[in-house]
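To keep things clear, I will list the structure first and then write my remarks on it.
Quick note: numbers below take in every heavy atom, side chains included, and nothing from hydrogens, waters or symmetry partners.
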Amino acid sequence: MNLLIYKTQAELFEDLIDYIVNIANQSISQKGCFNFVLTGGNSPKALYELLATTYKDKIDWSKVFFFFGDERNVAPTHESYNGLMAKNAILAPLNISEDHIFYVDTTLEPEKAAIEYHKAILNHFKGGDLAFDLILLGMGDDAHTASLFPGTKILANKEVEIDSVYVDKLSTYRISFTAPLINKAKNIAFLVFGEGKANAVKHVIEDEQKNTSLYPTQLINPIDGHVTWFLDDAAAGLLDS
């Protein structure tokens with residue numbers, strides 16, 4: 001695990017973008033494409049906007065395929081739909097071809113949406129190992145990541161797949177990568193900032209005894225890949241080291 005701590009969000013974003021650019025270009029050079037899993041919510045919006053503007057010439061975007069680590073069970077036109085935020089912040093500004101974007105079809109029932117998303121990913125990888133080049137993740141102040149929320153059934157799912165999960169605290173379904181699918185990635189980056197995340201960060205990173213039901217992000221431990229945490233001082237404020 002690589003732990004990087006920054007005084008400002010601007011410094012954090014600058015380093016994270018360099019990290020993304022390096023992995024993207026290496027992947028494109030080695031195999032002709034870059035399979036990039038986006039995270040949702042508000043935290044990455046500014047990051048995506050920077051990639052689509054200031055840094056747009058750093059990557060051959062025609063060779064990038066975009067996926068979503070989780071999605072909210074709302075209409076694709078809803079303001080909370082992760083795909084819509086990404087579309088407005090990075091995908092449309094970069095004129096990404098629709099066949100390079102893998103949205104979750106939330107017009108379907110959650111279980112069916114998860115099945116169809118898994119099928120689409122399997123088809124993209126043409127029967128090969130489902131190892132994404134980079135999965136970008138956030139983390140909530142309750143230590144959830146993607147839609148792996150504390151106490152939910154998806155935490156016990158050992159399959160490399162997409163699953164639907166009902167989140168009691170939100171009274172809604174989500175569609176999400178399972179932890180085993182995330183853990184097959186070649187690279188995983190956590191983008192976490194703000195004082196509200198500090199307690200969760202401390203437990204996830206420093207607890208000797210894992211309690212993955214309470215701190216689901218502890219499930220993220222790639223099989224043959226690398227994890228890098230990008231934190232600001234506020235989020236890292238309770239860490240001992």
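Note that the NZ atom of Lys87 and the CD1 atom of Ile90 stand 14.5 Å from one another [nearest 0.5 Å]. The distance from the CZ atom of Phe190 to the CD1 atom of Ile188 is 6.5 Å, given to the nearest 0.5 Å. Taken to the nearest 0.5 Å, the CG atom of Leu38 stands 10.5 Å off from the CD atom of Glu71.
Within the structure, salt bridge (Lys or Arg N to Asp or Glu O under 4.0 Å) pairs that include any residue of residues 212-237 do not occur (at least two apart or interchain). Under the ring pair (Phe, Tyr, Trp, His ring centres under 6.0 Å) criterion, the residue pairs touching residues 202-223 are His203-Tyr215, with sequence neighbours excluded. For residues 30-56, the pairs satisfying side-chain hydrogen bond (donor to acceptor under 3.5 Å, both in side chains) are Lys31-Asp133, Asn35-His124, with sequence neighbours left out.
Residues passing the ring-ring contact (aromatic ring centres under 6.0 Å, His included) test with Phe34, sequence neighbours excluded: Phe36. Asp15 pairs by the side-chain hydrogen bond (donor to acceptor under 3.5 Å, both in side chains) definition with Tyr6, not counting sequence neighbours. Legend: residues meeting side-chain hydrogen bond (donor to acceptor under 3.5 Å, both in side chains) with Lys58, ordered by chain and number and at least two apart, are absent.
Counting all heavy atoms, side chain and backbone alike, Leu155 lies closest to Thr212 at CD1-O, 3.6 Å. Between Gln209 and Gln218 the shortest heavy-atom distance is O-NE2, 4.5 Å.
For Thr145 (side chain) and Gly138 (main-chain N/O), a donor-acceptor pair under 3.5 Å exists by modelled atom type. A donor-acceptor distance shorter than 3.5 angstrom exists from the side chain of Asn22 to the backbone of Asp18, with no hydrogens or angles considered. One N or O on the side chain of Asp60 and one on the backbone of Ser62 form a donor-acceptor pair closer than 3.5 Å. Checked by atom type and distance alone, the side chain of Tyr117 never pairs as donor or acceptor with a backbone atom of Phe177 at under 3.5 Å. At least one donor-acceptor pair under 3.5 Å links the side chain of Tyr81 to the backbone N or O of Val104. With hydrogens and angles ignored, the 3.5 Å screen pairs a side-chain donor or acceptor of Lys202 with a backbone N or O of Leu238. Of the possible donor and acceptor atoms, none in the side chain of Thr228 sits under 3.5 Å from a partner among the backbone N and O of Ala189.
Linking ILVMFWY side-chain heavy atoms closer than 4.5 Å, directly or via other members, places Leu181 and Leu134 in a single hydrophobic cluster. In the hydrophobic clustering of ILVMFWY residues, with side-chain heavy atoms under 4.5 Å counting as a link, Trp61 and Ile17 come out together. There is no path of hydrophobic side-chain contacts, each under 4.5 Å, that joins Leu108 to Ile115.
The shortest distance between side-chain heavy atoms of Trp229 and Val227 falls below 4.5 Å. You'll find the side chain of Thr178 stays beyond 4.5 Å of the side chain of Glu159, heavy atoms only.
We find that Glu116 and Lys112 are joined by a salt bridge, their nearest charged nitrogen and carboxylate oxygen being less than 4.0 Å apart.
Using cut-offs of 30° and 60° on the angle between ring planes, the pair Phe132 and Phe67 is perpendicular. Between His100 and Phe65, the two ring planes are parallel [angle under 30°; tilted spans 30° to 60°].
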* Evaluate side chain to side chain contact (heavy atoms under 4.5 Å, CB included) for Tyr103 paired with Asp105, printing each intermediate quantity in order. => CA-CA 6 Å; Tyr103 293 111; Asp105 185 359; over 6 Å; no
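Side-chain contact, Ser147 with Asp70: a donor N or O sits under 3.5 Å from an acceptor N or O.
When the shell of 6.0 Å around CD of Glu111 is examined, it contains 12 or fewer heavy atoms from other residues, nucleotides or ligands.
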